[in-house]
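Before any comments, here is the structure.
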Amino acid sequence: MSSAPVTSRDWRVEVDDGVAALSAAEDGRVAVAGAEGSLSLISAGGELHCRQVVSTGCLAAAWSPDGNRVAVGTVDGVLIVDPAGTVIAEHPGGWCSSVAWSPDGTRLAAGVGRSVVVLDAAGTEIFRGGRSSTVAAVAWVNRRVASAAYGGVHLHHASNTAPRDQMPFTGSLLALSVSPDRKWIATGNQDATLHIWRLGRGGNELSMSGYPRKISALAFSPDSTMLASGGGSDVTVWDFTGRGPRGSTPRVLRGHEEAVVAVAWSRRGGLLAGAASDGSVAVWHPARARPGRPESAIDSMRRDSPAAALCWDGLGRLLVGWSDSTVVARPIGGAG
Amino acid sequence: MTTTTDQRVPVTVITGFLGAGKTTLVNRILREEHGKRIAVIENEFGEVGIDDALVLDAEEEIFEMNNGCICCTVRGDLIRILSALMRRRDRFDQILIETTGLADPAPVAQTFFVDDEIRDQLRLDAIVTVIDAAHVLDHLNEVKPEGVENEAVEQVAFADRMILNKVDLVSPERLADVEGRLRAINVAADIVRTENANVDLDRILDVGAFDLQRVLAEDPAFLEQSDHQHDQSVTSVSIQVDGEVVVDRLNAWLGELLSTKGVDIFRSKGILAIAGEGNQYVFQGVHMLFDGTEGRPWRSDETRTNKMVFIGRNLDRRELETGFLACLEPAK
């Protein structure tokens, strides 16, 4: 392990594991989940202060909104640690590639095997809903939990008595994003389509096809006006102002040569970052892009290893993790 | 098309009925001193746990995919686990997938055609079917209700290599019957006789069975034909003919054939001489999906002979032959 901080805002750390997932707290602390099962906690200034092996493979990580907990999804369940790395709760039981804290930070939703599990802040299980196949992604919609799996999206009320809403889809769902205004649910699919449901309007849904590859990266902008999607070497951004993207021409953001693996909006939403399997990372100003005309990146990074994860912190920095175990924090002008 | 060496990690799929010796074979592969770093994905509990090997459990999840104009099934559990495996820094030299005794091999094989991430980084090297010489005929002859597949027949039909295990438990006559029956279903796969699944690993690992060079080029059994002209049961039809293939005609014929008969054609393989091309064209298909690549150069002292095999149900030999002959340039 070595770290090479240049300044306290701009640093590079080796975590001795291929990066599988990253999460940054508002204050710039970073949790790194490793493909071989490590969990690394890095201070805002770039000091690796805790590294432990928690599993045979990690898949997901998320800081709680208050910065007091980190949830980690692994090949064998979900666990919660405190900021010092002490394990607070552990729920083994299957593949966990998605964890999501409720906006108020009092609940954690996780897909664990073929179940959607909701834990309270102490890590006690308070809800479990079954799916017929392994849950790929979870997200909160107010007090309900959306889960994406083969066969469609389910909306669970997180109480065992209320019936769930079902949004069926024939095929395998890989990625899930809910617009912050809770009007739309979007999924990225194995069959290289994007599927969108208008919440609360039965039957109102649309499908976007023409992507070259499966779509495993998907994110609504913080103001709910744009949806960024992978599904090839370009990032495609759909416009959700007005009546939605039906029939519209998307913005195309260019900067990668191979498949996009992750996209993330800066906290205020002005910038979008993308990471790709060719090792490239690009940052765009999507609102400046014109539909149908490929837009170039305003900033970029590159390593000779697949980029695996990225996120933004509350200090206007972009955090990126690569498969060669490198994690970089970089301030980006105009973010924040 | 490229002639550079394939850098993708080879994946061996091991199928076979419960009790045939799959787990014995996997343990043997893991314990042997081969210096390879191996990852094993198991669909049923096995007793492995070896240094330098990563063993992952998976529960079979079959996903129906609407893949453009055709429907096919893939294994969602494998897509998920293989994708996670590829994110690790430690590169594996070999990946083994051990299926359950009742698994249908088609979704496993189709996964390697359909998922782009897997296609980019992994190569399906061979489907190895382990067969219990003492009991296989009972399984093959078992009459299933209408519409229910006989898994033993499917596993034999899909094989690139057949490990005929427990040969010490049957008489030579019985063994000959068994081999004849296996050959009638699948003429293209090598049969390796074993006791206690004791097989030379060079015959099953990283063999490039999907490039077919050795099987189709050297195996005299390839030329043997079953007597059936049109058979409800699962058989093989092989075609061998000299000549130059017109690529547009080939694509039109194969595309039409596999889209209309792909449900019944389990496997298709071929090494072809494309008109004007100095390298062999190697193709292989699973049901409706097929994929072709450039093979080795034709040698100057070698006759440009096209070889193809189809394994499936209701195969019409004459129709297949006529169809392929129409793809050839007229003889000069």
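These values consider heavy atoms only, across backbone and side chains, with no hydrogens, waters or symmetry-generated copies. Proteins get letters first, then strands, A, B, ... in listed order; numbering begins at 1 in each.
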Discussion item. For Glu61(B), give me all partners under salt bridge (Lys or Arg N to Asp or Glu O under 4.0 Å), at least two apart in sequence or on another chain.
Written reply: Arg114(A), Arg80(B)

Worksheet item: Taking only residues two or more places apart in sequence, or in another chain, which ones meet Glu90(A) in a salt bridge (Lys or Arg N to Asp or Glu O under 4.0 Å)?
Response: none

Counting only non-hydrogen atoms closer than 4.5 Å, does [X] touch chain A with its backbone (N, CA, C, O), its side chain (CB onward), both, or neither?
| X | value |
| --- | --- |
| Asp120(B) | side chain |
| Gln121(B) | neither |
| Leu56(B) | neither |

Worksheet item: Would you call Arg89(B) and Asp16(A) a side-chain contact if the rule is heavy atoms closer than 4.5 Å?
Response: yes

Nearest 0.5 Å please: distance from the [atom1] atom of [X] over to the [atom2] atom of [Y].
| X | Y | atom1 | atom2 | result |
| --- | --- | --- | --- | --- |
| Asp76(A) | Asp57(B) | CG | CG | 9.5 Å |
| Phe63(B) | Leu173(A) | CZ | CG | 9.0 Å |
| Ser133(A) | Asp77(B) | OG | CG | 10.5 Å |
| Glu117(B) | Glu258(A) | CD | CD | 11.5 Å |

Item to complete: Please check if the side chain of Gln190(A) supplies one atom and the backbone of Met65(B) the other of a donor-acceptor pair under 3.5 Å.
Response: no

Fill in: Part of Thr56(A) lying under 4.5 Å from any heavy atom of chain B
backbone

Worksheet item: Given that the side chain runs from C-beta out, which part of Leu59(A) has a heavy atom under 4.5 Å from chain B: side chain, backbone, both or neither?
Response: side chain

Worksheet entry | Residues of residues 321-329 of chain A near chain B, each having a heavy atom less than 4.5 Å away | Ser323(A), Asp324(A), Ser325(A)

Discussion item. Please identify, among Thr170(A), Thr134(A), Val75(A), the residue contributing the most non-hydrogen atom pairs under 4.5 Å to chain B.
Written reply: Thr134(A)

Worksheet item: chain A: which of Arg87(B), Arg88(B), Glu59(B) shares the most heavy-atom pairs with it under 4.5 Å?
Response: Arg88(B)

Worksheet entry | Over all atoms of both residues, closest heavy-atom pair of Ile62(B) and Tyr150(A) | O-CE2, 4.3 Å

Discussion item. Going by side-chain hydrogen bond (donor to acceptor under 3.5 Å, both in side chains), name the residues that satisfy it together with His156(A), two or more places apart in sequence or in a different chain.
Written reply: Ser147(A)

